[in-house]
Amino acid sequence: MLVTPENLNNMKQSIAILIIILCITACRLDDNLFNASKLKSYSLDNYIGDVDFKLDAAYKIPDSLVHLFTLDSKAPGESSSTKIYALYIGDMSRIAGDTVIMYCHGNKDNMDFYWPRAALLANTNGKNHYGVLMVDYRGYGMSEGKPSEEGLYADVDAALQWLKAEGLINDRLVMYGFSMGSAPATKLTAEPRSMTPSKLMLEAPFASAQVLVQDATGLDLPASFVTDLQINNAEEIKKVQQPFFWIHGVDDNYLNIATTGELVYANYSGTYKEAHRIPGAGHNNIPVVMLMACSPFANGFTKRVGAQEVR
């Protein structure tokens, strides 16, 4: 067949249509976003699976400060609650007077995978300085149920309900979201439910389901073609007035800094914002690169915006 400009254009159109059909029928983004791993028990320091980084002995959390327990989470419209697992790092008798970081982890595996990140946050600005609460969203780790967008919000809010019951006040709550965890972190800061966070910290956030679709397919497709997700951090951040801290790897090839993080940061118009664009960091190794560069990480941020020191 003689290849002419007209034939070539028709071929491109046919290929584009085929990609769209395949995406609609088989490539649901929802299934790929929730990359959960189930397990029968948590290993934490003894976890032998792959992790993004490991911490040395100086960051070890004493067993007396590690607390695993369950919470009942109920999303809007559900007739019954879902049992999810939570992990608190810190002295539970001091929650009412501590500053606590609600850590919302990413889309893969379970809390074992994110344990080094939680331990690092607990030791930020000093040994065992902050309380840290983390949950496995429904369908992750030992948590029951199936992952969903509404489930994310309900599961994190269940954790906030627990903190409130333990005596924590809004002024001592810091919300931290990594990657997919930026969705519940931003949503529950912009539209508070059980508690109103005093600060929002996002590491490698994505902008919206629409941007995810465009980055994944390379096509300007409506997000509804491949996902039911309504996540839109770039819009939700406009409602946030609390101080905002953003960090993103310049070399992130999973959530491109230019199309995701920069948009979220630009759309924030609250009381105070601080950006850290990390050269040499990708999507998963930002804390390591920052530590190697002797960056103050969150230390300076918490002091500048008035975090209450508790130790």
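Below, each value reflects all heavy atoms present in this structure, side chains not excepted, and no hydrogens, waters or symmetry copies.
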- Message: Treating Glu203 as the side-chain partner and Ser179 as the backbone partner, does any N or O pair qualify as donor plus acceptor under 3.5 Å?
- Response: no
- Task: Find the distance between CG (Leu200) and CE (Met175) and round it off to the nearest 0.5 Å.
- Result: 8.0 Å
- Should the pair Arg117 and Phe178 be classed as cation-pi, given the thresholds of under 6.0 Å to the six-membered ring centre and 45° from the axis? yes
- Is any side-chain heavy atom of Asp45 closer than 4.5 Å to a side-chain heavy atom of Lys60? yes
- Is there a side-chain contact between Ile61 and Asn123 (heavy atoms, below 4.5 Å)? yes
- Message: Taking Glu78 first and then Arg138, would you say they form a salt bridge - that is, a charged N and a carboxylate O separated by under 4.0 Å?
- Response: yes
- Message: Within 45 degrees of the ring normal and closer than 6.0 Å to the centroid, is that where the cationic atom of Lys273 sits relative to Phe245?
- Response: no
- Query: Short question: side chain of Tyr140, backbone of Glu144 - any donor-acceptor pair under 3.5 Å?
  - Reply: no
- Same cluster (ILVMFWY, side-chain, under 4.5 Å), Phe69 and Val135: yes
- About how many Å separate OH of Tyr137 and CG of Asp155, when rounded to the nearest 0.5 Å? 8.5 Å
- Query: What is the distance from atom OG1 of Thr186 to atom CD of Glu235, rounded to the nearest 0.5 Å?
  - Reply: 12.5 Å
- Query: Quick one: are Ile237 and Trp246 in side-chain contact, heavy atoms under 4.5 Å?
  - Reply: no
- Message: If you take the centroid of each ring, where Trp contributes its six-membered ring, are Trp115 and Tyr42 closer together than 6.0 Å?
- Response: no
- Query: Any idea which heavy atoms bring Glu236 and Ala190 closest together, and the distance?
  - Reply: O-CB, 3.3 Å
- Kindly give the heavy-atom pair with the smallest separation between Ser41 and Asp112, and that separation in Å. O-OD2, 4.2 Å
- Arg193/Asp157 ion pair, N-O < 4.0 Å: no
- Query: Just how far is it from atom CG of Leu160 to atom CG of Leu133, taken to the nearest 0.5 Å?
  - Reply: 7.5 Å
- Message: Looking at Tyr153, I'd like to know if the NZ or CZ of Lys187 sits under 6.0 Å from its six-membered ring centre while staying within 45 degrees of the ring's axis.
- Response: yes
- Does the ring of Phe113 carry Lys108 above it, NZ/CZ under 6.0 angstrom from centre and within 45° of its axis? yes
- Item | N/O donor-acceptor pair under 3.5 Å between His67 side chain and Gly90 backbone | yes
- Just do the side-chain contact (heavy atoms from CB on, under 4.5 Å) check on Asn125 and Tyr130 with the steps written out, would you? CA-CA 8 Å; Asn125 209 26; Tyr130 293 109; 4.1 Å; yes
- Message: Check whether Asn267 reaches the backbone of Ala234 with its side chain - one donor and one acceptor, N or O, closer than 3.5 Å.
- Response: yes
- Message: When you compare the side chain of Leu68 with that of Tyr85, does any pair of heavy atoms fall below 4.5 Å?
- Response: yes
- Taking the side chain as every heavy atom from C-beta outward, state whether Tyr88 and Ile95 have any pair of such atoms under 4.5 Å apart. yes
- Task: Using atom types as modelled and distance alone, determine if a side-chain donor or acceptor of Thr196 lies under 3.5 Å from a backbone N or O of Pro192.
- Result: no
- Query: Going by heavy atoms in the side chains, are Met102 and Pro197 under 4.5 Å from each other?
  - Reply: no
- Item | Phe53 atom CZ, neighbour heavy-atom count above 12 within 6.0 Å | yes
- Item | Heavy-atom side-chain proximity of Phe206 to Ile231 below 4.5 angstrom | yes
- Verify, without hydrogens or angle tests, whether Asn284 (side chain) and Asp52 (backbone) share a donor-acceptor contact under 3.5 angstrom. no
- Item | Expected output: side-chain Asp251 to main-chain Gly282 donor-acceptor under 3.5 Å | no
- Task: Evaluate side-chain contact (heavy atoms from CB on, under 4.5 Å) for Leu71 paired with Lys83, printing each intermediate quantity in order.
- Result: CA-CA 6 Å; Leu71 297 168; Lys83 183 171 74 173; over 6 Å; no
- Task: Report yes or no: does Lys127 contribute a side-chain atom to a donor-acceptor pair with the main-chain N or O of Ala58 at less than 3.5 Å?
- Result: yes
- Task: Count the heavy atoms of every other residue, nucleotide or ligand shown that sit under 6.0 Å from NZ of Lys164, and state whether that count exceeds 12.
- Result: no
- Task: Check the surroundings of atom NZ in Lys38: do more than 12 heavy atoms from other residues, nucleotides or ligands lie under 6.0 Å from it?
- Result: yes
- When rounded to the nearest 0.5 Å, the distance separating CD1 of Ile278 from NE2 of His248 is 10.5 Å
- Query: So, are Arg172 and Asp98 salt-bridged, with charged N and O less than 4.0 Å apart?
  - Reply: no
- Spacing of CE belonging to Met180 relative to CG belonging to Asn35, to within rounding of 0.5 Å: 9.5 Å
- Query: Do you see a donor-acceptor pair shorter than 3.5 Å between the side chains of Thr124 and His129?
  - Reply: no
- Message: Please tell me whether Ser37 and Asp109 have a donor and an acceptor in their side chains that are separated by less than 3.5 angstrom.
- Response: yes
- Task: Decide yes or no for Leu263 and Asn233: does some side-chain heavy atom of the first lie under 4.5 Å from some side-chain heavy atom of the second?
- Result: no
- Hey, what's the ring geometry for Tyr114 with His105, parallel, tilted or perpendicular (30° and 60° as the breaks)? parallel
